[in-house]
Structure formats: C-alpha cells, structure tokens
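Remarks on the structure that follows.
Each chain gets a letter, A, B and so on, in the order the sequences are listed, and its residues count up from 1. Just the heavy atoms: all of them, side chains too, but no hydrogens, waters or symmetry mates, feed the values below.
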Number of protein chains: 2
Amino acid sequence: MKQETSIKDTILKGGKLFMPSLSLDCVIFGFHENELKVLLLKMKSADAWALPGGFIYKDEHIEEAATRVLRERTGIQDIFLRQFHVFGHPKRADKKFHLNMLKKDGISVEKDNWLLQRFITVGYYALVDFAVVIPEPDHSSIACEWHDLHTIRELFMDHKAILDKALETLRLQLNHEPIGYNLLPTKFTMPEIQKLYETILDKQLDRRNFQRRILSFGFIKRLKETRKGGAHKAPYLYSFDLKKYKKALQEGLQGAW
Amino acid sequence: MKQETSIKDTILKGGKLFMPSLSLDCVIFGFHENELKVLLLKMKSADAWALPGGFIYKDEHIEEAATRVLRERTGIQDIFLRQFHVFGHPKRADKKFHLNMLKKDGISVEKDNWLLQRFITVGYYALVDFAVVIPEPDHSSIACEWHDLHTIRELFMDHKAILDKALETLRLQLNHEPIGYNLLPTKFTMPEIQKLYETILDKQLDRRNFQRRILSFGFIKRLKETRKGGAHKAPYLYSFDLKKYKKALQEGLQGAW
DNA sequence: TATTATTGTGTCATAACGACGCAATGATAT
DNA sequence: ATATCATTGCGTCGTTATGACACAATAATA
C-alpha cells in the first residue's frame with residue numbers, strides 16, 4: 001500500500017486518493033534508559049514538532065492506514081496499535097496557518113483544496129521496542145526523532161492534547177491489560193519493568209510489592225540467568241510468557257466486578 | 001442547530017451541509033423494569049432496525065453533533081454521552097443496497113452523491129433516564145422504540161457490532177466510574193441499582209456484598225424513607241450524592257496501580 | 001394473627017494490599 | 001584478599017477487601 005508520492009503530488013492529488021476531511025495521528029511510545037519516549041516529526045514548513053500522521057486511502061481500512069503510517073515511520077510491522085479517541089473540534093486546524101505553510105513550500109493551491117478543509121482526526125497509540133525502530137522522516141518533515149515524554153511542551157496544532165489523552169488512556173489500560181511486551185527487550189530485569197510502570201504512571205512503586213503483584217498475574221516468568229556486569233548484586237532476568245500474555249490481553253487482568 | 005430538512009433535501013443537499021464521509025451513531029441505553037433497553041429506529045426504506053445516527057455539520061464540533069442527534073431523538077438535554085470507538089471498515093456500507101433504498105424512497109441521485117460514498121462512523125453511547133425520554137422517529141424512519149438489549153439480534157449495516165462494542169465499553173467503565181445517575185430515577189432502592197449492575201454485567205451478584213461495596217464508594221446515600229407498597233419488607237430509598245458522584249467521575253473509582 | 005418473601009445487618013475465613021526488615025550478592029575500593 | 005556498599009531476593013506483619021453465608025426484622029397477604 002505504501003506509495004512514495006512527492007509532497008506536491010500529495011497536496012494536489014490527495015483529494016482523489018484519500019478520504020476527505022479525515023486523518024489519523026499516531027502517538028508512538030518507546031522505552032529507553034528508563035524514560036518513556038515519543039516519536040515526533042519536525043515539520044519542514046512549520047517550526048514545530050508533530051505526531052506522525054497520515055490519511056486514509058479511499059478503499060483502506062482505517063486500522064490498516066494506522067499500521068501503514070507506523071510502518072512508514074518506524075520500519076516496524078506487527079505492532080501493538082490501538083485507536084483511543086477522535087478529535088473533532090471544528091477549529092482544530094487553522095486554515096490561514098496552513099495556507100502559509102503551503103506558501104513556504106512554494107506550492108499554490110486552489111481555495112477549495114482538500115487539505116484546507118476541516119479535518120477530524122483519529123488518535124492511535126502504539127507501543128514499540130525502542131531498539132528496533134529506525135526513525136524515518138518523510139517528504140514533509142526534516143527530522144524524525146524520539147523525544148523524552150516529560151520534556152514535550154508544545155506541539156503542532158492540537159497534537160499535545162492528543163498526546164496527553166494517549167497517555168491517560170495508556171494509564172487506564174494498565175489496569176486491564178498486560179503491558180511491556182512491546183516496550184521491553186526480550187529479556188529484562190524486575191527493576192526495568194518496574195521503571196516502565198513507574199514512568200507510565202508517573203508514580204513511585206514499592207519494589208517488593210510490585211514484584212509480588214506483577215508475578216501474580218503470571219504473564220512474566222523468571223529465567224535462570226542473571227544480568228551480570230552491573231555495579232551491584234546481579235538481578236534475575238525475566239521474559240514474557242507469550243501464551244499467558246495473550247490470554248491476559250484477551251480476558252483482561254482483574255476487573256473488580 | 002436543529003434543522004428540519006426533508007429527507008429529499010438531506011440527500012440532495014447534504015453534501016453541502018455536512019462533513020463528507022463521516023457519520024456518528026448513538027447507542028442510547030435506558031433502564032426499565034429491570035432490563036437494559038436500547039433506543040432503535042425502524043427505517044422507512046429498509047426493513048431493518050438501526051441505531052439513531054447522523055452527520056456532522058461542517059462547522060460543528062463532533063461532540064455537539066452527537067448531543068444534537070440525541071436531543072432530536074429523545075428530547076433530552078444534558079445527557080451522559082461518550083465517544084467509544086470508530087468503525088472504519090471500507091465495506092461497512094453496501095453501495096448497491098443504499099442505491100436500492102433510495103429507489104424505494106423514489107429519489108434518484110447522481111452516482112457521486114455524497115451519501116453513496118464510503119462512510120466512517122464514530123460510535124457514541126449515552127445513558128438516559130428511560131422515564132423522561134420521548135422517542136421520536138425522524139423523516140427517514142417510521143418508528144422509534146426501546147428494545148430489550150438481549151432480544152436484539154440483527155441490525156442495519158454493522159450496527160449490531162457497534163452495539164456490542166458499546167456494551168463492552170460500558171462494562172469496563174463500571175470499574176472506573178460511578179454509574180447510574182443517568183439511568184435510575186432520583187430515588188431508588190438497593191435491589192434496583194443492583195439489578196442495573198447485574199444487567200450490564202450479565203452476571204448475578206451477592207446482595208450483601210454488593211451493598212457493602214457500592215456504599216463504600218460513597219456516591220450514593222441512604223434516605224430516611226422506605227418504598228412501601230411492595231409485597232414484602234419495605235426497602236430503604238437511596239439517592240446519588242451528586243457532589244461525590246461527580247468527584248468520583250473525575251478522579252476514577254479505584255485503579256489498582 | 002400466622003405466613004412468606006424480601007430486606008437489613010452482621011460474621012467468618014481467606015485473599016489482597018501497603019509498609020517495612022534483613023540477609024544475600026557482586027562489583028568496587030582498600 | 002578483604003571490607004564496603006548499593007542493590008536485589010525474599011520474607012513478615014497488620015490492615016483492609018472480598019466471597020460465602022447466617023439470622024433477625026419487616027410489610028403485605030392469607
């Protein structure tokens with residue numbers, strides 16, 4: 001499905017290729033050096049960072065479009081990807097602003113160009129293995145980089161609000177679903193997965209209680225190896241029990257009622 | 001914002017009024033006689049029941065559009081309404097089927113009429129007080145009625161899948177948020193609110209444990225009256241403590257982590 | 001006035017949870 | 001080689017939440 005179109009082509013002919021007035025934006029989370037990261041694009045024509053997004057081909061399933069955008073940007077397939085909210089404020093895009101951007105690109109468009117219409121966007125979030133991602137900017141961006149979640153202040157359009165909502169959703173998901181398989185390397189230590197939870201929740205957890213709880217779910221298992229080389233006592237390595245992990249994904253974790 | 005347009009006008013001129021290719025559908029839940037009800041429309045041109053849905057005016061916030069649809073159909077304002085999923089399968093509507101429907105209506109349209117395009121729809125669910133609703137069909141439907149949730153087998157297009165997803169979402173919400181203020185009358189008994197929970201969860205709950213738990217949340221309070229007239233011991237009446245209810249709505253109920 | 005189904009209130013054992021203690025370990029410094 | 005030190009492994013303890021169940025109180029009806 002990937003189509004290498006020039007930016008000019010997209011702008012001029014996009015109206016024929018894509019669904020009108022509808023876009024999607026991806027919040028791509030990674031985990032590295034005990035920090036949650038988000039993949040952002042630096043735009044060519046605006047001095048702002050943005051979430052990687054895209055449009056939906058006229059005959060494309062919307063989930064597939066999200067998968068495609070992710071693949072184009074990270075080179076990864078088979079990714080944990082989830083739709084979480086629709087952003088439909090009528091003024092979420094600024095027409096004049098966009099016109100200006102196009103001017104900077106040296107492209108003149110008709111007043112009724114599809115890109116100048118109001119857009120409603122579907123937010124997706126993805127959890128990916130930081131180490132595997134090869135960030136790739138596209139024709140409309142000059143950079144594609146991981147940003148530290150907590151340092152992100154302002155983004156293009158309403159993308160900061162989209163990011164915030166994604167994080168909020170992720171936090172809630174933590175109670176219903178196992179998490180980490182897509183964010184951690186194959187083998188990891190207990191302190192590492194704890195840091196992941198702490199980072200998402202933005203909250204300190206007791207080391208011993210965390211271990212008891214995460215093990216009680218049953219979707220991670222201890223290996224017979226330890227991670228040597230650290231400054232202190234070598235921690236055990238763990239890995240996900242994929243069978244139980246997927247079972248837990250389907251059936252949910254607890255659910256009070 | 002309400003516009004009384006004839007069905008013909010909508011079909012012919014809708015393209016100028018509404019956002020293209022985007023619709024919304026509402027799953028309106030009510031509770032009556034210990035049963036969960038869903039408000040459905042009987043369509044004029046197709047022999048099928050459908051969820052009340054609508055389109056988004058070109059300058060209208062999508063949440064506002066959902067509110068409007070709900071108001072038009074139920075006569076209710078200030079409703080609990082929540083977006084829960086986007087349905088974006090490219091084949092979710094059948095073009096030929098739609099053409100046939102229009103034929104039945106005696107309306108001939110161009111091949112590129114906006115209604116014949118592919119539509120992506122945003123699902124909303126609403127919780128309303130059954131007793132207050134005045135179901136109103138619109139120009140494209142011949143009936144608007146409450147249906148018993150468990151008797152609904154098949155619906156128009158993919159509306160059954162939308163309904164199922166709404167119910168699944170509602171079940172999950174039960175763990176995070178107080179519920180019932182929008183579904184129950186002002187005063188209610190403990191068995192009544194328990195039935196509500198049991199109906200949503202489709203699961204029996206222990207009477208005594210339920211009471212202990214629901215009271216521990218603090219958002220309902222016991223009144224000094226009892227409901228006399230029943231065949232047996234008169235149960236106490238309860239009402240929602242709106243202040244604590246709203247606080248719980250914002251902060252969430254428990255959240256294991 | 002007795003009957004009956006339902007409601008109000010409580011108990012009990014078990015499981016889950018939060019806070020914390022202490023010994024084991026493995027690299028580093030002496 | 002040995003002591004040091006931060007970190008890890010593995011527990012305890014008291015409190016709270018949960019599931020299962022017992023029994024008395026009550027209001028309409030027979």
Side-chain angles (χ1 to χ4, degrees), chain A residues 33-34 171 174-176 178 180 184-185 187-199 201-239 248 251-257, chain B residues 33-34 171 174-176 178 180 184-185 187-199 201-239 248 251-257:
Chain A
E33 289 175 346
N34 285 341
R171 275 186 193 146
L174 230 50
N175 294 315
H176 299 299
L184 293 170
K187 298 176 181 180
F188 52 91
T189 66
M190 194 53 75
E192 280 164 3
I193 190 173
Q194 182 179 342
K195 269 289 168 197
L196 171 62
Y197 273 77
E198 287 182 338
T199 309
L201 294 167
D202 199 22
K203 185 163 85 176
Q204 298 289 107
L205 300 172
D206 182 272
R207 185 173 65 87
R208 294 145 290 192
N209 295 338
F210 175 83
Q211 165 154 323
R212 182 173 54 194
R213 211 167 130 78
I214 201 85
L215 287 177
S216 78
F217 292 144
F219 59 73
I220 70 172
K221 60 189 176 200
R222 193 168 90 176
L223 306 176
K224 282 169 186 166
E225 329 162 44
T226 55
R227 162 116 75 227
K228 308 230 173 189
H232 304 289
K233 178 168 180 176
Y236 276 103
L237 284 172
Y238 292 80
S239 70
E251 298 176 9
L253 279 185
Q254 47 234 145
W257 286 106
Chain B
E33 289 175 348
N34 286 340
R171 275 187 192 144
L174 230 51
N175 294 314
H176 300 298
L184 294 170
K187 298 176 182 180
F188 53 91
T189 67
M190 194 54 75
E192 281 165 1
I193 189 173
Q194 182 179 342
K195 269 289 169 198
L196 172 61
Y197 273 77
E198 288 181 337
T199 309
L201 294 167
D202 198 23
K203 184 163 86 178
Q204 298 287 108
L205 300 172
D206 182 273
R207 183 175 66 87
R208 296 146 289 193
N209 295 337
F210 175 83
Q211 164 154 323
R212 181 173 54 195
R213 209 167 131 78
I214 200 85
L215 286 177
S216 77
F217 292 144
F219 59 75
I220 70 173
K221 59 189 176 200
R222 194 167 90 174
L223 306 176
K224 281 166 188 168
E225 327 161 46
T226 55
R227 162 116 75 226
K228 308 231 173 188
H232 305 290
K233 176 167 180 176
Y236 277 103
L237 285 171
Y238 292 80
S239 70
E251 298 176 8
L253 279 185
Q254 46 235 143
W257 287 105

As a test of reading the structure: which of [options] is closest to the side chain of [X], going by heavy atoms?
| X | options | result |
| --- | --- | --- |
| R208(B) | dG10(C), dG26(C), dA27(D) | dG10(C) |
| P235(A) | dA6(D), dC21(D), dT8(D) | dT8(D) |
| K233(B) | dG19(D), dT7(C), dT25(C) | dT7(C) |
| R207(B) | dG8(C), dC20(C), dT8(D) | dG8(C) |
| P191(B) | dT7(C), dG8(C), dT12(D) | dT7(C) |

* Using only side-chain N and O atoms of R213(A), determine if any of them is under 4.0 Å from OP1 or OP2 of dC17(C). => yes

* Distance below 4.0 Å between R222(A) side-chain N/O and dT8(D) OP1 or OP2 -> no

In whole angstrom, what separates [X]'s [atom1] from [N]'s [atom2]?
| X | N | atom1 | atom2 | value |
| --- | --- | --- | --- | --- |
| Y236(B) | dT6(C) | OH | C1' | 15 Å |
| N209(B) | dA13(C) | CG | C1' | 13 Å |
| I193(B) | dG8(C) | CD1 | C1' | 17 Å |
| Q254(B) | dA16(C) | CD | P | 16 Å |
| W257(A) | dT18(D) | CH2 | C1' | 12 Å |
| K228(B) | dT6(C) | NZ | P | 19 Å |
| K195(A) | dT7(D) | NZ | C1' | 13 Å |
| L215(A) | dT8(D) | CG | P | 15 Å |

* A231(A) or M190(A): which one's nearest nucleotide on DNA chain D is closer to the 5' end? -> A231(A)

* Rounded to the nearest 0.5 Å, how far does CD1 of I193(A) lie from CE of M190(A)? -> 7.0 Å

* Indicate the atoms forming the closest heavy-atom contact of L174(B) with L253(B), along with that distance. => O-CD1, 4.1 Å

* Asked: Where is the tightest heavy-atom contact between Y236(A) and L223(A), given as atom of each residue plus distance?
  -> CD2-O, 3.7 Å

* Asked: Which residue lies toward the 5' end of DNA chain C, D206(B) or G229(A), if each is placed at its nearest nucleotide?
  -> D206(B)

* Asked: Any donor-acceptor pair under 3.5 Å joining the side chain of R212(B) to the base of dG8(C)?
  -> no

* Asked: Taking the six-membered ring of W257(B), is the NZ or CZ of R171(A) close enough (under 6.0 Å from the centre) and on axis enough (within 45°)?
  -> no

* Asked: So does E192(A) pair up with R227(A), basic N to acidic O under 4.0 Å?
  -> yes

